[in-house]
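Positions are given from 1 along the sequence. Everything numeric here is computed off the predicted structure, so don't read it as measured data.
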Amino acid sequence: MTVWIDADSCPVILRTFLEERAKKSGFALSLVANREIKKREEHKHIKMIVCSKEKGAADDFLVENAKENDIVVTRDIPLAARLLEKNICTLNDRGTIFDKDSIEDRLKMREFSMNLSALGFSGSEKSFYGKKELDSFKQSFEFALSRRIFL
């Protein structure tokens, strides 16, 4: 089993948590991005995969390489939908575990927000990520991880 991180927009405190968790538990952790993402330290269970700068290259790599028993962490809703088509456990950095029912709603909300933005209505959405968000992620991640271990 591998835990994959769509690392371009992953908060540092979340990456740090997952790196420490991988070292402790021994699962493989792969950070995938279009640029080098600094790891805290080198470790045999943690690797950095740098894809081309071509739009969607990291997403395509994740879809092609993640397997059914893996876990992928991403904020990218369209990527999550593609992964769910392959029955890959996908969750965001705030602990939402996506499923086939909820992803449709998320895709519609994303499209609606993009349409509003195109019309000049951009919200004042703040993207703060702190202890509360990390704790929520940890709880969902441990649940997803335990389900993978006992499959």
Side-chain angles (χ1 to χ4, degrees), residues 1-51 55-114 123-151:
M1 182 199 75
T2 300
V3 175
W4 301 86
I5 303 175
D6 182 6
D8 285 317
S9 65
C10 185
V12 173
I13 61 172
L14 176 56
R15 283 197 324 263
T16 300
F17 162 73
L18 288 171
E19 288 175 13
E20 291 301 317
R21 190 68 174 80
K23 288 191 289 189
K24 190 181 296 182
S25 300
F27 60 78
L29 179 67
S30 294
L31 292 81
V32 180
N34 297 91
R35 59 187 168 82
E36 185 74 28
I37 303 288
K38 187 175 188 302
K39 297 178 289 196
R40 286 181 42 166
E41 61 186 72
E42 293 299 318
H43 192 273
K44 64 183 178 180
H45 296 299
I46 303 168
K47 68 179 173 177
M48 177 71 226
I49 300 163
V50 180
C51 299
K55 185 172 173 49
D59 294 358
D60 292 343
F61 183 90
L62 284 163
V63 171
E64 290 167 14
N65 290 280
K67 306 286 185 249
E68 196 167 320
N69 199 38
D70 293 346
I71 297 172
V72 178
V73 179
T74 184
R75 289 181 172 179
D76 186 325
I77 302 300
L79 172 58
R82 291 173 64 193
L83 292 163
L84 285 172
E85 287 176 11
K86 291 181 63 180
N87 292 318
I88 297 168
C89 178
T90 308
L91 65 155
N92 71 10
D93 59 350
R94 295 172 186 277
T96 300
I97 299 175
F98 299 113
D99 61 36
K100 291 180 181 181
D101 295 327
S102 68
I103 201 68
E104 290 301 319
D105 290 336
R106 296 279 183 144
L107 285 167
K108 288 175 187 173
M109 286 173 49
R110 179 182 177 275
E111 183 177 348
F112 180 71
S113 293
M114 289 177 69
S124 61
E125 186 177 314
K126 302 222 189 263
S127 187
F128 177 78
Y129 194 89
K131 184 178 177 348
K132 177 181 164 190
E133 291 77 14
L134 180 61
D135 287 346
S136 180
F137 174 83
K138 286 178 180 179
Q139 184 176 10
S140 295
F141 178 75
E142 294 302 330
F143 173 76
L145 188 61
S146 68
R147 290 191 63 198
R148 302 272 130 347
I149 291 170
F150 295 112
L151 282 179

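The CD1 atom of I46 sits 9.5 Å away from atom CG of L18, with the distance rounded to the nearest 0.5 Å. Taking CD from E68 and CD1 from I88, the interatomic distance works out to 7.5 Å, rounded to the nearest 0.5 Å. The structure places CD1 of I5 at 4.0 Å from CG of L31, a figure rounded to the nearest 0.5 Å.
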Original post:
Checking side-chain contact (heavy atoms from CB on, under 4.5 Å) for the pair D93/R15: CA distance, chi angles, key distance, verdict?
Top reply: CA-CA 10 Å; D93 59 350; R15 283 197 324 263; over 6 Å; no
Original post:
Checking side-chain contact (heavy atoms from CB on, under 4.5 Å) for the pair L84/D99: CA distance, chi angles, key distance, verdict?
Top reply: CA-CA 7 Å; L84 285 172; D99 61 36; 5.5 Å; no
Subject >> Test log, rule side-chain contact (heavy atoms from CB on, under 4.5 Å), inputs R147 and F143 >> reply: CA-CA 6 Å; R147 290 191 63 198; F143 173 76; 3.3 Å; yes
Subject >> Intermediate values then yes/no, side-chain contact (heavy atoms from CB on, under 4.5 Å), E19 and L29 >> reply: CA-CA 7 Å; E19 288 175 13; L29 179 67; 3.8 Å; yes
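K23 pairs by the salt bridge (charged side-chain N to carboxylate O under 4.0 Å, His left out) definition with E20, E41, not counting sequence neighbours. Considering only residues two or more places apart in sequence or on other chains, E85 meets the salt bridge (charged side-chain N to carboxylate O under 4.0 Å, His left out) condition with none of them. Looking at residues two or more places apart in sequence or on another chain, you find a side-chain contact (heavy atoms from CB on, under 4.5 Å) between S140 and L91, I97. Evaluation of the side chain to side chain donor-acceptor pair (under 3.5 Å) rule for D8 yields no partner, not counting sequence neighbours.
The neighbour count for K47 NZ, taken as heavy atoms of other residues, nucleotides or ligands under 6.0 Å away, does not exceed 12. Residue E142 qualifies as enclosed at atom CD: its count of foreign heavy atoms under 6.0 Å is above 12.
F137 has its side chain out of reach of I13: every pair of non-hydrogen atoms, C-beta onward, lies at least 4.5 Å apart. Annotation: side chain of D6 is not in contact with side chain of R75 (no heavy-atom distance under 4.5 Å). Residues L145 and F27 form a side-chain contact, since some pair of their non-hydrogen atoms from C-beta on lies under 4.5 Å apart. Using a 4.5 Å heavy-atom threshold, the side chains of E36 and M48 count as touching.
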For residues 56-64, which side-chain donor-acceptor pairs fall under 3.5 Å, sequence neighbours excluded?
unit_1 : atom_1 : unit_2 : atom_2 : d
D60    : OD1    : R82    : NH1    : 3.1
D60    : OD1    : R82    : NH2    : 2.9

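Judged by distance alone, with hydrogens and angles left aside, the side-chain atoms of N69 form no donor-acceptor pair with the main-chain N or O of M1 at under 3.5 Å. The backbone N or O of L14 lies less than 3.5 Å from no partner atom in the side chain of Y129, so there is not a single donor-acceptor pair. Not one N or O on the side chain of S102 forms a donor-acceptor pair closer than 3.5 Å with the backbone of F98.
Here the options are N65, V73, I71, the test is side-chain contact (heavy atoms from CB on, under 4.5 Å), and the partner is W4; only N65 passes.
Applying the salt bridge (Lys or Arg N to Asp or Glu O under 4.0 Å) definition to pairs two or more places apart or across chains, those involving residues 132-141 are R94-E133, K131-D135.
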